[in-house]
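Following: one structure in C-alpha cells, then a few remarks.
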2 protein chains.
Amino acid sequence: MSKPLLVSEQQAEASKDHRFGKFSLDRIDAAILRELSKDARLPRAELSRRVGLSTPSVADRVRRLEDVGVIRGYHADIDPACLGYGLALLIRARPLPGQMQNMIEAIRSTPQIVSCDRVSGEDCFVARAHVHDVIEMEAVIDRIVPFGATNSSVVQSSPVENRIEQLISLARK
Amino acid sequence: MSKPLLVSEQQAEASKDHRFGKFSLDRIDAAILRELSKDARLPRAELSRRVGLSTPSVADRVRRLEDVGVIRGYHADIDPACLGYGLALLIRARPLPGQMQNMIEAIRSTPQIVSCDRVSGEDCFVARAHVHDVIEMEAVIDRIVPFGATNSSVVQSSPVENRIEQLISLARK
DNA sequence: CATGAAACTTTCTGTTT
DNA sequence: AAACAGAAAGTTTCATG
C-alpha cells in the first residue's frame, strides 16, 4: 500500500493533470481553453463563473496561456460565402524540379489562397482557396500551373468544421 | 458631363460599395471585418477609433454583421503543438461502394479530426487531424481504413496560414 | 450617426492561504 | 505561488438629439 499524500501533494496531483516542457495545464486551464475556443469574447466575469474561479485568477491564467503560446490569438470567423465567394477549392500541387521556391511564391502572392500546408508524400502542397466563380477559379489555378502539376477540387460540403476544442480534452503528456 | 448627385445619392454611392442578396457592405464594414479577424477581442472603443466612427455606430454595425451571418463567431486560436500534438495530418479518403455513410460516421466520431471537407474529383474527403505520435496516427487512420481507400500525409510546414482577411478586400458583387 | 449618462467588465492593489 | 476581495479605470450600452 502506498504512503498517504500530504495535502499539498494531493493538490499538486489534482491540479497538474498535464506537464509540458515549460508549463503545465490543469483541468481549469482546459476548461478555459474550451470556453474561449467556442467564444473568444466571453467576458472574464462569466468565464470565471463557468470554471469556478475568481475573475482575477481567470485573468491571470488567460494571460499565462497567451504568454506560453497555447492561445495564439483571437479571430472573428468570417463566412466567405457572405462576401460573395461562392466556390471553395482545395488545390494539390507538386512543383517541377527547381520550381519549389517559385511555386511557394506564387501561392503566397495569391490572395484567394487562405491557407496552404506543405505535406509529405506525392503532393507537396495542399492549398485552400475561395473564389467568386469558375472564371476566378481558373485564374487562381493558372498562377500555380507554370511551376508544376496541380489537382483542383471543389469543396461540396464540410462534414466536420473547425472542431479544435475536441483536442483539448484528449491532450496528454 | 453627368448630372450632379443629390447629397443622399452621394452618400449611398460612397457607403454602399458592395451589394449582396440581403445586405450591403461598405468600406467601413470591410475595415471592421479586417480588424476583428485579426483580433476578435479588440475593444469597440479602439475599433471605432481605427475605422473613424463613434462607438455606438460601430457596435451597431458589428451586431448587424453578426445577424446577417458574415461574422459566424469569435474563436481563440489554440496551438495544438502546445497541447502535445506533435503531428498534423492530412488524410484523403475515398469510400468503397455503399460505405459513404459509414465513412462519414467514422470521420465525425474521431476527435483527432478537427476538420473535413467533401470534395469533387477522385478523393471524396480531405480531413485534417492532430495526433501526439505515430502510434496515435495509426489508430486514427485505422478508424477510416475499413470503409475505403485512404492516403495520409504528414504536414511539414504551412507556407500560408489562416489568411482570410485577404478575402475581405477582394470581395465583390 | 453622434453625444453623454448608467451599467458592466477589466485591471490593479493589497491580503490571505 | 496561486487565489481572493475590494477599489479604480476603462468599455459597452442605452437613452436622447
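Just so it is clear: chains get the letters A, B, ... in the order the sequence lines come, proteins before strands, and each one is counted from 1. Heavy-atom basis, side chains included; hydrogens, waters and symmetry copies ignored.
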Taken in chain and number order and not counting sequence neighbours, the residues that satisfy salt bridge (Lys or Arg N to Asp or Glu O under 4.0 Å) with B/D117 are A/R128
State which residues pass salt bridge (Lys or Arg N to Asp or Glu O under 4.0 Å) with A/R92; sequence neighbours excluded, sorted by chain then number. A/D123, B/D123
Using atom CZ of B/R61 as one end and atom P of D/dT12 as the other, report the distance to the nearest whole Å. 17 Å
Hey, is B/R63 close enough to B/D60 for a salt bridge, meaning N to O under 4.0 Å? yes
Taking only residues two or more places apart in sequence or in another chain, which ones pass ring pair (Phe, Tyr, Trp, His ring centres under 6.0 Å) with B/Y85? B/H132
Qualifying residues under salt bridge (Lys or Arg N to Asp or Glu O under 4.0 Å), relative to A/D79, sequence neighbours excluded: B/R72
All pairs passing salt bridge (charged side-chain N to carboxylate O under 4.0 Å, His left out) where residues 141-166 of chain A contributes a residue, at least two apart: none
Tell me every residue that passes salt bridge (Lys or Arg N to Asp or Glu O under 4.0 Å) with A/R50, counting only those two or more places apart in sequence or in another chain. A/E35, A/E46
Counterpart residues, side chain to side chain donor-acceptor pair (under 3.5 Å), relative to B/N162 (two or more places apart): none
Can you confirm whether more than 12 heavy atoms, excluding those of B/E138, are under 6.0 Å from its CD atom? no
Spacing of A/I28 atom CD1 relative to D/dA3 atom P, expressed in whole Å: 7 Å
Residues of residues 31-45 of chain A with a heavy atom under 4.0 Å from any atom of DNA chain C, listed by number, are A/P43, A/R44, A/A45
Any pair counted as side chain to side chain donor-acceptor pair (under 3.5 Å), so long as it reaches residues 145-156 of chain A, sequence neighbours left out: none
Taking any atom under 4.0 angstrom from a heavy atom of chain B, which nucleotides of DNA chain C are the first and last to qualify, 5' to 3'? C/dC1 to C/dT3
To the nearest 10°, let me know how far the axis at one end of the helix from C/dC1-D/dG17 to C/dT17-D/dA1 is tilted from the axis at the other, five pairs an end. 30°
Closest to the 5' end of DNA chain D, once A/P56 and A/R64 are matched to their nearest nucleotides, is A/R64
Test side chain to side chain donor-acceptor pair (under 3.5 Å) applied to A/D133 - qualifying residues, sequence neighbours left out: B/R172
Write down the distance between CZ (A/R63) and C1' (D/dA2), rounded to a whole number of angstrom. 14 Å
Do any side-chain nitrogens or oxygens of A/S57 fall under 4.0 Å of OP1 or OP2 in D/dC4? yes
